[in-house]
Amino acid sequence: MQQQELIPHLFRTEYRKIVAVLCSLFGLQHIETAEDLVSDTFLSAAELWGQKGVPENPAAWLYTVAKNKTKNHLRRVANFDKKISKELSNEGVAEIELDLSEENINDSQLAMMFAVCDPSVAKEAQVALALNLLCGFDAQEIADAFLTNKDVVYKRIQRAKEKLRSENISLAYPTVNEISTRMDSVLSTIYLLFNEGYYSSSQNSVLRKDLCWEAMRLCYLLVSNDIANTTSANALLSLMCFHASRFEARLNEHGELILYKDQDTSLWNEELIVKGRYYLKIAFADGDLSKYHFEAAIASWHTIKEDSPEKWATVLQLYDQLLQLEYSPMAAFNRIYVLSKVRGKQQAIEEAEQLNIVKNHFYYTLLGKLHEGIDDTLALSYFKTALTLAITDPEKKLIMAHMHELAE
Amino acid sequence: MNDFLFIFRRDENDIPKLSPEQMQEDTQKWIDWIGGIAAQNKLNNRGNRLERTGKVVKADNMITDGPYMELKEAIGGYIVVTAESLDEAAELAKGCPIFNYKGNVEVREIKAM
């Protein structure tokens, strides 16, 4: 990896790890100090690596420099202000050891995950804050992901951090009680993060695998923890494994999306499919069913490419149950497509017209697909409408692929 | 938007004996039909089925076993939907699998207390 790619990559993966560990050392009251120290560390890396070349183990280099900067900072602070040093016992700055072992990083991040999802922080702020602190997203990237502007996100993050400070929220291992109140928002944050990577509404890279792996890693932290290992967490992890198994197959060499039916199944990652099944089995072992259960079960059927009446009838039932549990426009769209496989296009068209939904490019693409073979002229006009409503290039290319297919 | 109760009634004597496969098929029809309402974001509560047996309590503390109404009009279950009007709610009831065994759907607006 070239240096100009390496630093952003490390920033994404290492920044929040060090921040989490520093926060568990200082407390969330000093979250900004922690962030400043880590930013400063990366600044040093950018300067020195440019001159002297990249060190052999860049992550270890960052940890060492962060440790030193932390010690220096604490020494300075100790001279002016006893506030932090008091909290850090009396043994003196020199004794402080920043534990950047994998275990402590994991524990710190898990604690951070649950702190971020504290009920005192507003939902949308939780998501922004999690993306910032746990995933190393800057305000611009979060704004891109949620199609809002940078200032809004920046303010949202600042307010959320202020809230964590003022509520005096501690970074500690989650209790059983906290799991029940916060697990939903922890999972939805991970889910959003994965989707951002997988469907990538932001323009530059079509597939931001890093984000997906990070989401899976965070979820893996949950299922590896005795208390956080809930059936819903397993269901979500299973879902992500199934989706991720198609990474290599869903884009061509130009980074364009390949339709599911045209995907080369030899590129599907068998190992991830097996993992997906493993977590799905645990998820369905007992307990309440979440939307992740149904989505994972649907995704598991999509790892079987052969069409069968059984497949589509089962998937339809799963969508029915998913929608009964929690409505979403995407699930409603997808259900219609599946309905056309089970009951025929005519009934699907009728139900599509009844959908109480924003008429966006997904809707018109769906109508186009349903009219294929029934009224190709109408189908084409739906695709054209969809094309005018699509925003991103990959979306437009996908619609054009459908149009191309229609012309064949 | 208002909430409407769908009450499913059918003649208990008219319910055909189904094989396990047919029962599963029947259940699927119900799930698909309710799924279709959910897909329009108009399902408020997926409701429940009701057991056939029951009791009726009357004013003089007399408790009798069911059937409490005409067997022909026994309530089999209910769901709650959301719609703009009674007419729209009635439209949603079309296609209900209860019609396969000559049942009916009573649609009633819920008046909040």
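Residue numbers start from 1 in every chain, and the chains themselves are labelled A, B, ... in the order their sequence lines are given, proteins ahead of strands.
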Where B/A39 and A/A332 come nearest, the two heavy atoms and their spacing: O-CB, 3.4 Å
CG of A/D288: more than 12 outside heavy atoms within 6.0 angstrom? no
Distance from B/N41 atom CG to A/L355 atom CG, nearest 0.5 Å? 10.0 Å
Heavy-atom neighbours of B/K102 NZ exceed 12 at 6.0 Å: no
Answer yes or no: does atom CG of B/D60 have more than 12 heavy-atom neighbours from other residues, nucleotides or ligands under 6.0 Å? yes
As a test of understanding, state which of A/L318, A/L316, A/D320 forms a side chain to side chain contact (heavy atoms under 4.5 Å, CB included) with B/I31. A/D320
Hey, is NZ on A/K305 packed in by over 12 heavy atoms from elsewhere, all under 6.0 Å? yes
Rounded to the nearest 0.5 Å, what separation is found between the CD atom of A/Q317 and the CD atom of B/Q24? 8.0 Å
Measuring from B/D32:CG to A/R335:CZ, what's the distance to the nearest 0.5 Å? 6.0 Å
If you count every heavy atom of other residues, nucleotides or ligands that lies below 6.0 Å from A/F284 atom CZ, does the total exceed 12? yes
Contacting moiety of A/E351, where chain B heavy atoms sit under 4.5 Å: side chain
Just by modelled atom types, is the A/A313 backbone N or O under 3.5 Å from a matching donor or acceptor in the B/Q28 side chain? no
How about CZ on B/F99, more than 12 heavy atoms from neighbouring residues, nucleotides or ligands closer than 6.0 Å, or not? yes
With a 4.5 angstrom heavy-atom cut-off, could you sort out which part of B/I34 is near chain A: side chain, backbone, both or neither? both
